[in-house]
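One structure below.
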Amino acid sequence: MMKVVKFGGSSLADARQFAKAGEIIRADETRMYVVPSAPGKRFSGDTKVTDLLYTCYNRAAAGESWQDPFRDICSRYNEIIKGLGLDYSLQEEFDLIEKNLREAPAKDYIASRGEYLNGRIMAAYLGYEFIDAAEVIFFDETGSLNERKTKKVMGERLKNTPRAVIPGFYGQDCSGEVKTFSRGGSDITGSIVAGACHASVYENWTDVSGFLVADPRIVKDPAAIKTITYKELRELSYMGAGVLHEDAIFPVRHEGIPINIRNTNRPDDDGTWIVESTCQKSGYVITGIAGKKDFCAVLISKDMMNSEIGFGRKVLQAFEENNISFEHMPSGIDTMTIVVHETEFIDKEQRVVSAIHRLADPDAIEIESDLALIAVVGRGMKAQRGTAGRIFSALAHAHVNVRMIDQGSSELNIIIGVENRDFEAAIRAIYAIFVETQL
Ligand code: ASP
């Protein structure tokens, strides 16, 4: 039994939170590898260390003064060290970062120091070895994770290191420079470490007790999700359910390692289990609801479209030529709809429209905006009759007009398009029919 534990920024925001994390790690001797984030917000309105680091970089790159935010960063770490009662100093590390800011500021290097410094403190606090992520995580020429090399180098290194702290969020690019993942990327590091050492569990400690069936900003006190499959989670996080970085499931997915989302402030809660497959029924027909606003639907119609070979390809080529990825593509016999993100599309819309005309020669093109998409996700939907019926009657009762429906053949989710202004009402109506009435 071997566990990899990742602690998010709010779990390591100050000495008190740090101590809670330490207690959790020490309570279970199989928690052998620790992946820390940078210190996050201590209270609402506070600034994350990573954001302070980006501010330092931006100012240094613009030739402005960065000393104030840098001083704030140093004092946050010094307070943690002092609060933990450690006889430890990061002064040499601070000097190196300062030198970089002064001489040749490098964005990813600076941003990564939040995790690096926190990792140093964590290793000193636990008495674990420190492994610099830049020595064990590699990116390729395209900027993507070099999985093979990472797995090999990290696997070897961990084999010889029974207990270690590996900071999250960064690795090394192919020219040897530090490179970060996208924001929230420490989740990915935790997953890579878990995959490389074949952990039995990847515990991801954060400030909520797992995933909720719906967004608590929209639904009051939503139910918690006990178990969710990777696939369901992918659908939900893609549609905006936060908690875990959407790419964090890939490194553990093929190893069959479950992810357990846990709450540092409520360590006795079970949290949510993210698994490959399960025979555990979810408490409700649906597992979760998530959604996003601000999509556009491009409606393309042409008589006899259904018999014209290559029509769809030509339409999609117009989007590809303009470097726009499409989200959904529901179609009728003589119509085809391409759903895109409004922000990605808005500046290029006329170019796309003329490209569709040039390439596919349709009869008409219409663009509709202010579309919100809601994904109703659940492995249980396949086995249950009438799920779609219940969703649509709930929406009709809530006076929500459904503008689009898209159900993948996996029957894992149903995507519903509604007006932006109906978004919250639609989510509440769907939640109520499946969870509150719980038939
Ligand atoms: N500290 C980084 C961020 O704020 C990465 C992380 O926390 O996962 O995005």
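Atoms within a ligand are numbered from 1 in the order they appear, just like the ligands themselves. This structure is a prediction, so every number in the text was calculated from the model and none was measured. The figures here come from the full heavy-atom set of this structure, side chains too, leaving out hydrogens, waters and symmetry mates.
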**Report entry** Ring geometry between Y116 and F130 (parallel below 30°, tilted from 30 to 60°, perpendicular above 60°)
**Finding:** perpendicular
Query raised in the report: What class does the angle between the rings of F7 and W205 fall in, given that below 30° is parallel, 30 to 60° is tilted and above 60° is perpendicular?
Result: parallel
**Report entry** Sidechain N-carboxylate O distance under 4.0 Å for K220, E436
**Finding:** no
Query raised in the report: Under 4.0 Å between a Lys/Arg side-chain N and an Asp/Glu carboxylate O for R403 and E368?
Result: yes
Requested in this report: Decide whether D294 and N420 meet the rule of one side-chain donor and one side-chain acceptor closer than 3.5 Å.
Outcome: yes
**Report entry** H245 side chain to S182 side chain, donor-acceptor N/O pair below 3.5 angstrom
**Finding:** yes
Could you check ligand 1 for N or O atoms lying under 3.5 Å from protein N or O atoms and list the pairs with distances?
residue: ligand 1; atom: 1 (N); partner: T50; partner atom: OG1; Å: 2.7
residue: ligand 1; atom: 1 (N); partner: E115; partner atom: OE2; Å: 2.8
residue: ligand 1; atom: 4 (O); partner: R183; partner atom: NH2; Å: 2.9
residue: ligand 1; atom: 7 (O); partner: S37; partner atom: OG; Å: 3.1
residue: ligand 1; atom: 8 (O); partner: G184; partner atom: O; Å: 3.4
residue: ligand 1; atom: 8 (O); partner: G185; partner atom: N; Å: 3.4
residue: ligand 1; atom: 8 (O); partner: S186; partner atom: N; Å: 3.0
residue: ligand 1; atom: 8 (O); partner: S186; partner atom: OG; Å: 3.0
residue: ligand 1; atom: 9 (O); partner: R183; partner atom: NE; Å: 2.7
residue: ligand 1; atom: 9 (O); partner: G184; partner atom: N; Å: 2.8

